[in-house]
Amino acid sequence: MTRRIMWIMVFMCAATTGSTVRAQAVVAPVSSPVDHPLVAAHPVRTSGVWRKGVEQFGESLAGGSLRFRGYDVINMKLPGNRGIDLVAMKRSPVGVLTDVRLVEVKSHHGNGKPRLGQTRVGTQMSRDWLAHRLRALRASGEQGRKLASEIARFRRSQGIPIERLGELHDVNVRAGR
């Protein structure tokens with residue numbers, strides 16, 4: 001009799017666990033969709049709102065692409081929309097950092113190639129610009145300091161020049177690529 005009750009209990013637990021998993025899959029079968037600027041819920045359509053929407057769309061699309069490639073993506077923009085757009089990190093199963101990408105996303109609606117901006121410290125994605133942005137990230141708070149220190153340790157241990165960590169993503173909304 002005890003063995004029979006045990007099997008009934010096992011069956012009940014398996015049945016309820018299975019239904020919970022199915023219910024979660026039905027509620028959220030995929031992650032949230034990318035917010036395209038044409039279908040975004042902005043009540044006012046000004047050029048500034050459009051540019052901001054295109055920028056956010058491009059960054060979410062690039063982040064999704066990096067996640068698909070196996071990276072953990074962190075948005076570490078500094079105040080005033082300055083700095084590196086995305087930091088993508090890939091770790092081994094034991095938690096050791098195996099790859100880092102400092103990503104600049106250029107989203108546009110027109111034809112042609114994206115232009116990297118000219119700043120006081122040099123062209124975006126140049127060696128000087130990346131070094132300056134990592135120093136600014138280090139000074140931005142506890143989380144930024146930890147992230148910048150981990151990237152610096154990884155770079156030194158692997159002997160990788162800082163400019164090789166940079167990656168440019170060109171997102172053309174008109175062409176859909």
Side-chain angles (χ1 to χ4, degrees), residues 21 24-25 28-37 40 51-110 112-177:
V21 171
Q24 289 173 349
V30 295
S31 62
S32 61
V34 173
D35 187 21
H36 193 281
R51 279 192 303 274
K52 188 69 172 168
V54 169
E55 175 187 325
Q56 289 172 346
F57 171 71
E59 288 181 14
S60 64
L61 193 65
S65 169
L66 289 163
R67 282 185 200 89
F68 184 72
R69 289 172 34 200
Y71 288 93
D72 293 324
V73 180
I74 304 166
N75 187 346
M76 287 301 296
K77 284 216 177 184
L78 298 172
N81 199 20
R82 299 183 343 255
I84 300 163
D85 291 336
L86 302 170
V87 177
M89 304 169 83
K90 196 181 279 190
R91 296 182 185 277
S92 70
V94 293
V96 176
L97 199 58
T98 59
D99 194 14
V100 174
R101 297 287 165 204
L102 305 175
V103 181
E104 179 66 24
V105 181
K106 291 298 180 183
S107 305
H108 57 95
H109 190 263
K113 296 188 180 218
R115 289 183 296 222
L116 294 171
Q118 296 293 326
T119 66
R120 288 182 287 139
V121 293
T123 305
Q124 285 181 320
M125 301 308 285
S126 67
R127 183 184 196 301
D128 293 336
W129 186 82
L130 285 168
H132 185 267
R133 294 292 88 208
L134 284 175
R135 281 192 301 274
L137 182 63
R138 184 177 303 238
S140 68
E142 184 65 25
Q143 185 181 8
R145 185 182 59 74
K146 284 181 181 178
L147 182 61
S149 297
E150 188 175 18
I151 291 169
R153 279 193 306 274
F154 167 76
R155 198 174 66 75
R156 280 193 302 269
S157 71
Q158 299 294 317
I160 299 173
I162 195 168
E163 59 271 12
R164 283 211 17 230
L165 297 180
E167 189 171 298
L168 177 66
H169 285 239
D170 174 20
V171 178
N172 189 326
V173 178
R174 177 180 291 166
R177 55 183 165 90

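What you are looking at is a predicted structure, and each value in this text was computed from that prediction instead of being measured. Side-chain atoms are counted along with the backbone in the values below, which use heavy atoms only and exclude waters and symmetry mates.
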Spatial distance of atom [atom1] ([X]) from atom [atom2] ([Y]) [nearest 0.5 Å]:
X	Y	atom1	atom2	result
Lys106	Leu168	NZ	CG	7.5 Å
Arg164	Arg101	CZ	CZ	7.5 Å
Ser60	Glu55	OG	CD	11.0 Å

Let me check something: any side-chain donor-acceptor pairs from residues 154-163 under 3.5 Å, sequence neighbours excluded? List them with distances.
unit_1, atom_1, unit_2, atom_2, d
Arg155, NH1, Ile160, O, 3.3
Ser157, OG, Arg153, O, 3.3
Ser157, OG, Phe154, O, 2.9

Side chain to side chain donor-acceptor pair (under 3.5 Å) involving [X] - partner list, sequence neighbours excluded:
X	answer
Arg138	none
Asp170	His108
Arg91	Glu150

With a 4.5 Å cut-off on side-chain heavy atoms, are [Y] and [X] touching?
X	Y	result
Asp85	His169	no
Leu102	Ile151	yes
Leu137	Ile84	no

Minimum heavy-atom distance Gln124-Leu116, with the two atoms named: O-CD1, 3.4 Å
Non-hydrogen atoms of Gly58 and Ser107 that approach each other most closely: CA-OG, 3.1 Å
Neighbour count >12 (heavy atoms, 6.0 Å) for atom CZ, Arg69: yes
Contacts of type side chain to side chain contact (heavy atoms under 4.5 Å, CB included), residue Lys90, not counting sequence neighbours: Tyr71, Thr98, Asp99
Residues that Asn75 engages under side chain to side chain contact (heavy atoms under 4.5 Å, CB included), provided they are two or more places apart: Glu59, Lys77, Leu86
Heavy-atom donor-acceptor pair, Arg133 side chain to Trp129 backbone, under 3.5 Å: no
Expected output: side-chain Ser149 to main-chain Arg145 donor-acceptor under 3.5 Å: yes
